[in-house]
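A quick write-up on the structure given underneath.
Side chains included, hydrogens not; waters and symmetry mates left out as well; all remaining heavy atoms used. The shown structure was predicted, so the numbers you read here are calculated from the model rather than taken from an experiment.
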Amino acid sequence: MAFPIQRLRRLRQHEAFRRMVRETSLAPSDFIYPLFIVEGRDRREEISSMPGQFRLSIDHLVKEASEIAALGISAVILFGIPDRKDDRGSSGFDPNGIVQRAVKAVKDHVPGLMVVTDVCIDEYTDHGHCGIVKDGRILNDETLDCLRAMARTHAQAGADMVAPSDMMDGRVAAIRAELDQAGFSELPIMAYAAKFASCFYAPFRDAAFSSPQFGDRQSYQMDPANRREALREIALDVEEGADIVMVKPALPYLDIIAAARAQVLLPVAAYQVSGEYSMIKAAANAGWLDESRAMMESLLSIKRAGADLILTYFAKDAARLLR
Ligand code: PBG
């Protein structure tokens with residue numbers, strides 16, 4: 001047998017060949033862009049731990065939304081930073097709350113852009129936990145009323161999809177029932193199905209002022225060591241009526257994304273979280289990595305692992321490169 005018969009370099013010789021045999025591709029429509037919304041007018045404050053990302057007041061959000069839509073990005077996900085916090089996160093389910101007004105503004109001005117909302121009370125509670133706290137314990141079922149009201153008011157404001165993110169039990173079923181009886185049976189739910197207790201959320205908590213004031217989130221978010229448990233979480237959310245399941249963070253959990261893809265027929269989303277973004281930004285800023293290439297390679301790896309959708313702070317930068 002002549003040496004070697006199989007030469008895999010044959011198809012790597014020209015860019016045209018490489019393009020023809022490329023197995024995975026990214027498109028702007030794969031991305032969901034997370035945005036932080038604050039009260040007031042004419043505010044566009046850069047988040048120090050997330051260079052290039054801003055806390056926006058609603059007037060700036062509307063401008064931003066048109067740019068995002070023009071880049072071909074399918075959707076945004078909104079995170080509210082309220083002026084007022086309490087132990088139940090009441091400002092989060094106020095029909096006139098920051099996210100509810102933000103949703104309405106985007107849908108009024110840029111109706112073609114899909115608006116997803118994060119349904120979790122942590123940004124609105126003074127203790128920073130995702131559940132109601134009693135005697136130092138984070139309660140599960142007692143928090144459901146707040147979440148139902150939050151999801152319903154988001155839907156009433158015009159949200160296209162809601163995304164429960166607190167990783168406690170029974171969220172999807174409760175929100176599904178609430179939406180159905182409020183007349184929103186057509187509104188999909190994207191479940192943060194396998195969300196790990198990760199240190200990579202640190203810049204987000206800094207951006208949204210949502211760090212827990214005591215303890216940590218390990219009694220509700222998942223142990224990074226557990227793959228089978230992630231699959232149980234995903235299976236439960238599918239049973240409860242989720243339309244899209246999400247894995248979060250993305251890069252340190254590519255195996256979980258691949259396992260999710262193999263297990264369910266639903267679309268799988270992955271969240272490239274704040275810390276993943278900030279690491280690349282910091283290394284690029286120090287001159288240690290090429291920012292664009294690091295961004296595209298990590299996004300591609302997430303897609304290759306099996307994600308159909310990627311929530312990413314790089315959405316705009318990546319979309320510009322893909323045009
Ligand atoms: C909870 C929520 C968090 C993120 C998205 N939704 C924070 C947390 O669990 O502490 C993190 C996103 C990121 O790091 O980019 N409302």
Worksheet item: Do R217 and D166 meet the salt-bridge criterion of a basic N to acidic O distance under 4.0 Å?
Response: no
Worksheet, complete the sentence: Taken in chain and number order and not counting sequence neighbours, the residues that satisfy salt bridge (charged side-chain N to carboxylate O under 4.0 Å, His left out) with E45 are R43, R55
Worksheet entry | Electrostatic pair E233-K195, nearest N-O below 4.0 angstrom | no
Worksheet entry | Linked hydrophobic residues, L11 as query - side chain contacts closer than 4.5 Å | F17, M20, V21
Discussion item. Does anything in residues 77-90 form a salt bridge (charged side-chain N to carboxylate O under 4.0 Å, His left out)? List the pairs, not counting sequence neighbours.
Written reply: R84-D94
Worksheet entry | Nonpolar side-chain network containing W288, other nodes, edges under 4.5 Å | none
Worksheet, complete the sentence: For M168, the hydrophobic cluster (side chain heavy atoms closer than 4.5 Å, chained through members) also holds V133, I138, F214, Y220
Item to complete: Could you tell me whether the side chain of P95 reaches within less than 4.5 Å of the side chain of Q156, counting heavy atoms only?
Response: no
Worksheet item: Do NZ/NE/NH1/NH2 and the carboxylate oxygens of D180 and R176 come within less than 4.0 Å?
Response: yes
Fill in: Heavy atoms from other residues, nucleotides or ligands near CD of E15 exceed 12 (cutoff 6.0 Å)
yes
Item to complete: State, yes or no, whether a side-chain contact exists between H154 and D118 at a heavy-atom distance under 4.5 Å.
Response: no
Item to complete: Check the side chains of H129 and D122 for a donor-acceptor pair under 3.5 angstrom, ignoring hydrogens and angles.
Response: no
Worksheet, complete the sentence: Heavy atoms of I302 and A270 approach each other most closely as CG2-CB, 3.6 Å
Worksheet item: Any idea how F36 and Y313 line up, ring-wise: parallel (<30°), tilted (30 to 60°), or perpendicular (>60°)?
Response: parallel
Worksheet entry | Close aromatic pair by centroid cut-off 6.0 Å: F31 and F314 | no
Worksheet item: Transitive ILVMFWY cluster of L265 at side-chain heavy atoms under 4.5 Å: who else is in it?
Response: none
Item to complete: Would you confirm whether Q53, through its side chain, and E46, through its main-chain N or O, come within 3.5 Å as a donor-acceptor pair?
Response: no
